[in-house]
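Following: one structure in structure tokens, then a few remarks.
Atoms within each ligand, like the ligands themselves, are counted from 1 in listed order. Computation of the quantities below employed the complete heavy-atom set of this structure, encompassing side-chain atoms and omitting hydrogens, waters and symmetry-equivalent molecules. Please read all numbers here as calculations on a predicted model, not as lab measurements.
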Amino acid sequence: MTEKQTPIIIGCDHAAVELKNKIKAFLQERGIPVEDAGTHDTASVDYPDYGKQVASQVATGHYQRGILLCGTGLGMSMVANRYPGVRAALCHDLFGAIMSRKHNDANILVLGGRVTGDILAAEIVAAWLETPFEGGRHQKRLDQFNRVS
Ligand code: RB5
């Protein structure tokens, strides 16, 4: 299985369900298996319930990669980064998405459904999936902050 075909677990709250569905379709069109942790409609929900589901699956290694979406992406980032081994990156542009992989080995991509349009979001997802971690001095830095948790 190539890096690009690594199964993805995806989750969102009501503020980003539309973008979540578009990203899910974008992934499936590319043959990437997607586990959808919800939410599935626009009824108001609490983003931690969905952030915790996705982050825990990545933290335990059941999924290597996850994508989380809420209105701003901020709440989901805060929830996900409480989990040991999770490196969640809120990305608003391609540069951030690429660098979150190259330097930070981000294993959860976070998007804001009320911030980022669907075309840019799909480009961000593609760049994030395709960019490898550079390792080396960046691995040393990840090791430094992994020791804190
Ligand atoms: C929901 O209204 C909103 O607070 C949520 O989607 C997210 O933006 C929180 O950080």
- When rounded to the nearest 0.5 angstrom, what is the spacing between CD1 in Ile124 and CD1 in Ile23? 8.5 Å
- Message: Could you check whether Arg30 makes a cation-pi contact with Phe26, meaning its NZ or CZ is under 6.0 Å from the centre of the six-membered ring and within 45° of the ring axis?
- Response: yes
- Do we see a donor-acceptor contact under 3.5 Å between the side chains of Asp143 and Gln139? yes
- Message: Nearest 0.5 angstrom please: Ile9 CD1 to Gln57 CD, how far?
- Response: 4.5 Å
- Under a strict 4.0 Å criterion on non-hydrogen atoms, which protein residues are in contact with ligand 1? Asp13, His14, Ala15, Tyr47, Cys70, Gly71, Thr72, Gly75, Arg114
- Message: Within a 6.0 Å radius of atom NE2 on His62, are there more than 12 heavy atoms belonging to other residues, nucleotides or ligands?
- Response: no
- Query: In chain order, what residues pass the salt bridge (charged side-chain N to carboxylate O under 4.0 Å, His left out) check against Asp46, with sequence neighbours excluded?
  - Reply: none
